[in-house]
K.L.:
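Take a look at this one; I'll ask things after.
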Amino acid sequence: MNFNEQQQAGGYDSRYKHELALPGGDLKVYASEQLFATLDYKVLEMANNNLQIPNIEYMSYTPDVHVGVGTCIGTTAVWDAADGYVSPSIVGSDIGCGMRVHLTTLHKDDLREVKLRRKLVRAIEKYLPMEQQQRGTYSDIRLENIVRKGLHGLPNKYVPDSYTPKKSSALSHVEISKLSFDEEILNELPDMAWHRGHRQLGTLGGGNHFVEIQAIEIAEEQRELAEAWGLRDGQIAVMIHSGSRAWGGMVNQFCTPAFAKVMGQLGLGSADPRLIYAPLAHPQARRYVNLMYSALNYAVVNRHLIAYAVREGFRDVFGPKCELRTLYDLMHNYAWQEQTAAGTKFVHRKGATRALPAGHPDNPRPYAATGHPALIPGSMGTASYIMVGQPGGEENYYSICHGAGRIRSRSATKRLVSVNDFSKSLRVGREDEIVVNQHSLESIIDESPQAYKNVDEIIESVTGAGLAAVVAKCKPLAAIKGTK
DNA sequence: ATGTGC
């Protein structure tokens, strides 16, 4: 029985699911035997710390889990909304970090020539704002409107009909277009947050953030769904990975001392000083949640503006009729309330993606009947995936992986991986080279595929466990990376 | 990840 047959049979395979009784509480780990065997003890130690936060109801790891600050990347942690806790450490610094995919009307044959891929990369770079340079700052966009209203705070010209054939699809084909919150708190953020927040709008950032030009390969078992979503074999898609830039970091910096103080006052302990939390009902927790929502609004607009720049670049190369329809935009670092059969829960996801199945009421309207696309990036030079949630995901609050998952620290990668290896995995010098904007591969070597787990094994674990199914594989043709 | 921290 292969994975797809298992899925069709509707059951999950216990080989992909491990239940651990740690001293602090129970942890579920979704991973193949091989991936499970490679888990660092530090990953379990971190889970044990997180499980000691009071009233926690559920915690799990996705197969791409790896060590983070205070909490692992790949964590789903759930409290009841009535007596719950919120932890800025579980959300992480890059609040609202996530993925976006746009579908073009082009076919991979249109980009067969390496020269043309280079031209496209240069054209996109021309429109992508760079914080360090004067050019590109969106002077007609008010940051205050962005953090308060998300995509609805953008001037109309950034949500044009040609960008997404129906203007509404730019607002409806996303996980969030706007989160409302108590805006009073915004006045307390330092001037620096506003200054940098404005300058960085629409910028990519560094690390694993990217814009990638990809070719779609539909999974046969999901062809009907893929076509309903508008996917075609060989179609060129654009995948974007970015977050809330410094704004999210400022929110965390601003809230951290207050959380430390609250923990002291309430006598709440933590085995790791970098792991902070507070009861949801506490005024400081409310402040954090409100500010976190402003960062989620920032992040979705940031990705939207990156897509806007990409579309300008495509038009320079392929003409003004070129369209980049929004397939979906969703996050993998956030916490919010969700309705479940067992009541209202406060769900944290850090490096975990929500993948809702067909018919789930929280799907955005256009995807109500099918489930929404769940967008999973691979490492540089390897494939990414477009997936859809399965009913079996309910046991894990519909969380799946968020990518390949690091196996080597940035420093270790710089030590152990040669530029030559990296360049080989990008097929540099061949006609099918994955064109990268950065001339020096040295500067981004910590993002080489050798620093990551094999994304195919991650995906196998998720499908094997019955959490989601592959709709399409997206093979990279060109990538744009920021530097620090 | 990041106005990081050598």
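These values consider heavy atoms only, across backbone and side chains, with no hydrogens, waters or symmetry-generated copies. Below, read A as the first sequence line, B as the second, and so on, with proteins coming before strands; counting in each chain starts at 1.
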K.L.:
I need the residues from residues 241-248 of chain A with at least one non-hydrogen atom less than 4.0 Å from DNA chain B; give them sorted by number, or say none.
P.N.:
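Listed by number, they are A:Arg245, A:Ala246.
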K.L.:
Please tell me whether A:Tyr328 and A:Tyr367 form a close aromatic pair, meaning their ring centres lie under 6.0 Å apart.
P.N.:
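Aromatic pair counts; centres sit under 6.0 Å.
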K.L.:
Can you tell me how far P of B:dT4 sits from CG of A:Asp94, to the nearest Å?
P.N.:
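Spelled out: CG on A:Asp94 to P on B:dT4 is 15 Å.
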K.L.:
What's A:Gly92 touching, base or sugar-phosphate or nothing? Going by heavy atoms closer than 4.0 Å.
P.N.:
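No contact at all - A:Gly92 keeps every heavy atom at 4.0 Å or more from the nucleic acid.
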K.L.:
How close or far is atom C1' of B:dT4 from atom CE of A:Met250, stated in whole angstroms?
P.N.:
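Whole-Å distance recorded here is 12 Å.
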K.L.:
Can you sort out the partners of A:Asn420 under side-chain contact (heavy atoms from CB on, under 4.5 Å), two or more places apart, ordered by chain and number?
P.N.:
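Scan of A:Asn420 (side-chain contact (heavy atoms from CB on, under 4.5 Å), adjacent residues dropped) gives A:Ser418, A:Lys424.
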K.L.:
Would you please name every residue forming a ring pair (Phe, Tyr, Trp, His ring centres under 6.0 Å) with A:His360, sequence neighbours left out?
P.N.:
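Ring pair (Phe, Tyr, Trp, His ring centres under 6.0 Å) list for A:His360, sorted by chain: A:Tyr398.
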K.L.:
Starting from P on B:dT2, measure out to OH on A:Tyr298 and report it in whole angstrom.
P.N.:
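Going from OH in A:Tyr298 over to P in B:dT2 covers 10 Å.
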K.L.:
Enumerate donor-acceptor pairs with a distance under 3.5 Å from any side-chain N or O in residues 268-283 of chain A to protein atoms, sequence neighbours excluded.
P.N.:
{"from": "A:Ser270", "atom 1": "OG", "to": "A:Asp272", "atom 2": "N", "distance (Å)": "3.4"}
{"from": "A:Ser270", "atom 1": "OG", "to": "A:Asp272", "atom 2": "O", "distance (Å)": "2.7"}
{"from": "A:Ser270", "atom 1": "OG", "to": "A:Leu275", "atom 2": "O", "distance (Å)": "3.0"}
{"from": "A:Asp272", "atom 1": "OD1", "to": "A:Arg274", "atom 2": "N", "distance (Å)": "2.8"}
{"from": "A:Asp272", "atom 1": "OD1", "to": "A:Arg274", "atom 2": "NE", "distance (Å)": "3.3"}
{"from": "A:Asp272", "atom 1": "OD2", "to": "A:Arg274", "atom 2": "NH2", "distance (Å)": "3.3"}
{"from": "A:Tyr277", "atom 1": "OH", "to": "A:Gly269", "atom 2": "O", "distance (Å)": "2.5"}
{"from": "A:His282", "atom 1": "ND1", "to": "A:Gln284", "atom 2": "N", "distance (Å)": "3.0"}

K.L.:
Return the value, rounded to whole Å, for the distance between atom NZ of A:Lys350 and atom C1' of B:dT2.
P.N.:
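Computing the A:Lys350:NZ to B:dT2:C1' distance gives 13 Å.
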K.L.:
Does A:Val69 or A:Gln253 map to a spot on DNA chain B nearer the 5' end, using the closest nucleotide for each?
P.N.:
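Going by which nucleotide is closer to the 5' end, it is A:Val69.
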K.L.:
Who pairs with A:Asn290 by side chain to side chain donor-acceptor pair (under 3.5 Å), at least two apart in sequence or on another chain?
P.N.:
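Partners of A:Asn290 by the side chain to side chain donor-acceptor pair (under 3.5 Å) criterion come out as none, since no residue qualifies.
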K.L.:
Return all side-chain donor-acceptor pairs below 3.5 angstrom for residues 35-45 of chain A, not counting sequence neighbours, or 'none' if the list is empty.
P.N.:
{"from": "A:Thr38", "atom 1": "OG1", "to": "A:Leu35", "atom 2": "O", "distance (Å)": "2.7"}
{"from": "A:Asp40", "atom 1": "OD1", "to": "A:Lys42", "atom 2": "N", "distance (Å)": "2.9"}

K.L.:
Whole Å only: how far is the NZ atom of A:Lys414 from the C1' atom of B:dC6?
P.N.:
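Distance check: A:Lys414 NZ to B:dC6 C1' gives 12 Å.
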K.L.:
Atom CG of A:Asp446 and atom P of B:dT4: how far apart are they, to the nearest Å?
P.N.:
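My rounded result for the distance is 18 Å.
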